[in-house]
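To start, the structure itself, in structure tokens.
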Amino acid sequence: MFKPLVVAVALALPVQAVCAAETPHLGKPPNPELLKAWDISIPPEGSGLPPGRGSVVEGAAIYEAQCVMCHGAAGAGQPADRLTGGIGSLTSPQPVKTVASYWPYATTLFDYIRRAMPISAPRSLTAPEVYALCAYLLSIDGIVPKSAVLDAKSLPKVKMPNRGGFINVWNSSSAESK
Amino acid sequence: MAGKKNSGPLHRRHILRAGLAGAGAAVSSGVVAADFVPAATQTPGKPMSTYGVPSPHEANVQRIVGAAYPVASPGTGSSRTPLHLLDGTITPAGLHFERHHNGIPDIDASTHRLLIHGLVTRALEFTVDELLRYPRTSRIAFIECAGNSGVNGAPQPPQTTAGAIHGLLSCSEWTGVKLGLLLDEAGIDSRAAWMIAEGSDAASLSRSIPLAQAREVGILALFQNGERLRPEQGYPLRLLMPGWEGNLNIKWLHRIKLTDGPVHARDETSKYSQLQPNGIARQFDLIMGAKSVIIRPSVGMTVPAAGFYEISGLAWSGHGRIAKVEVTMNGGQTWKEAELTGPVLPQATCRFRLPWEWDGKAALLQSRATDEKGNTQPTRAALMAQRAPGQIYHYNAIQSWQVMSDGAVRNVHV
């Protein structure tokens, strides 16, 4: 009973059979569609940014319809986080940390809005809508011009005011034993 | 030293003495002994139950819920462990602190998937049933939110309980599959140096974690204190990185992507980074520092009269085991080493205890933890000097409690 089964498995999966003794190897190759839908992480270089583009004007309209009730006019905040202003305040007695004053990368803004906002309906925005919202929010402090249109190429190139404002303490301390 | 609702040992002793006096009076006055027979010994009790719950007399032992945006987003915020109402080191699962960024998802484990992809030889997808077939490991570990105790950074010390201040800290036994085992099955590409872990909640919360350490210490936790994870702790699967920032112990874990560098997610740039006075923010300060807090006595408790008490509290460090906890009753003039109730485990809370004979005069109580790597808890002044105003992450400064001559306890900054 047992013998033929073992032989069949060994024949069908010669590579896995070699390591099967040590760990179970139960994982399967993921469905490519699932992988595409789930892989929404956008690093600073912008790899993985989806096709599409959005302008400041389009973003302003989406913001008025879907964001202003929680983030205030032009991102001034209340009841939820303030998103704009505060540039130059980080060394003051009252630092104001906003997307404009604090965030080092524009790609983080795309990544976060797409995955988490609006908080009442996350993952409901299309890629062009997210580009447009990024363009609008960044235009309020003049980080991009009012005429800006953002897409996979231009978004990673946006220079955030606080780009140099972080030190990666993990990288600088990982040589230490603690 | 009793909480308002919880009678402490002194009150009990007092009642006991009153009871003895009463018994004496009963004998002499000829009252029948039956009056002193406890009612519970005279009536059959309740039958068995399928899942036990705390005594109804302990109904005040609850998490301290703080909604950050009560109307705009009720599921975003935290609830704290009522440390001041507990003892020992293991937190009951239902009292483990919560920090959610858009509520608790309702996940059917049979539909949940874990994806491992990116810089791997072969991307893999697992069902929870498959993960449950893997060899398991268990360990006791604390989880502490990086924002814990941050309210003590405010210029005016908050006059709230130890739980309300320090309760974004809990400790459990976690059981699951070693992350390294699955990473090795996927085959780590030589370019991979970080991994992004992501939850399947309505924040799709994601964090970047150095890969070598994740492979070494990470656990894909399926069980907490012996039972499957509670929904608010990530059911059916959470990442456990013992001693690391609570936020990166990703709940409802559904995706791990191996990368060459960090993704710079919102929760590792905008949040969970520490702005210094020079305007430069420390990013990826990932391990929780050595810390301790005296819990008995603390704000909300009263030390009723001069006499004997036990001071006790919790100490923990993300860097390893606690080596010692020193306690002062006089604001740092003299320190005494407290007894640590074993076992003292790495990246786990440990209970410290010290007898105290209170003379009834105002006393300034502090505890100072040192871990096995030599990290010592800083004073508040030293910690605040390294922070820009209003920056609250990784607050592990020494807590000062002032016991007043009337027995009330105040939170003070010294």
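First the proteins, then the strands, lettered A, B, ... as listed; each starts at 1.
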Would you mind checking which part of [X] comes under 4.5 Å of any heavy atom in chain B, side chain (CB onward), backbone (N, CA, C, O), both or neither?
| X | answer |
| --- | --- |
| A/Ile42 | backbone |
| A/Pro104 | side chain |
| A/Lys97 | side chain |
| A/Tyr102 | side chain |

For the residue pair A/Tyr112 and B/Ser270, confirm or rule out a side-chain donor-acceptor distance under 3.5 Å.
no

Can you tell me how far [atom2] of [Y] sits from [atom1] of [X], rounded to the nearest 0.5 angstrom?
| X | Y | atom1 | atom2 | answer |
| --- | --- | --- | --- | --- |
| A/His25 | B/Leu182 | NE2 | CG | 10.0 Å |
| B/Arg266 | A/Met117 | CZ | CE | 6.5 Å |
| B/Asn102 | A/Ile119 | CG | CD1 | 4.0 Å |
| B/Glu198 | A/Asp39 | CD | CG | 8.0 Å |
| B/Glu125 | A/Leu35 | CD | CG | 9.0 Å |
| A/Trp38 | B/Arg255 | CH2 | CZ | 9.0 Å |

Contact part of [X] toward chain A, heavy-atom cut-off under 4.5 Å: side chain, backbone, both or neither?
| X | result |
| --- | --- |
| B/Ala202 | both |
| B/Tyr134 | both |
| B/Thr76 | side chain |
| B/His264 | both |
| B/Lys178 | neither |
| B/Ile280 | both |

Nearest atoms (heavy-atom pairs only) where B/Phe126 meets A/Leu26:
CE2-C, 4.1 Å

Note: B/Pro262 and A/Asn168 closest approach over all heavy atoms is CG-ND2, 4.5 Å

Sorted by number, residues from residues 145-165 of chain A in contact with chain B (heavy atoms, under 4.5 Å)
A/Gly164, A/Gly165

Partner chain B: residue of A/Val99, A/Asp111, A/Ile40 with the largest heavy-atom pair count (under 4.5 Å)
A/Ile40

Between A/Pro44, A/Pro30, A/Ser92, the one whose heavy-atom pairs under 4.5 Å with chain B are most numerous:
A/Pro30

Are the side chains of [Y] and [X] in contact, using a 4.5 Å heavy-atom criterion?
| X | Y | value |
| --- | --- | --- |
| B/Arg282 | A/Ile167 | yes |
| A/Arg123 | B/Ser204 | yes |
| B/Glu130 | A/Pro24 | no |
| A/Leu90 | B/Leu275 | yes |
| B/Ile287 | A/Trp170 | yes |

Top contributor to chain A interface from B/Leu205, B/Leu115, B/Leu114, B/Asp285 [non-hydrogen pairs under 4.5 Å]:
B/Leu115

With chain A as the partner, which of B/His117, B/Gln276, B/His101 has the greatest number of non-hydrogen pairs under 4.5 Å?
B/His117

Pairing of B/Lys271 and A/Asp81 as salt bridge, 4.0 angstrom limit:
yes

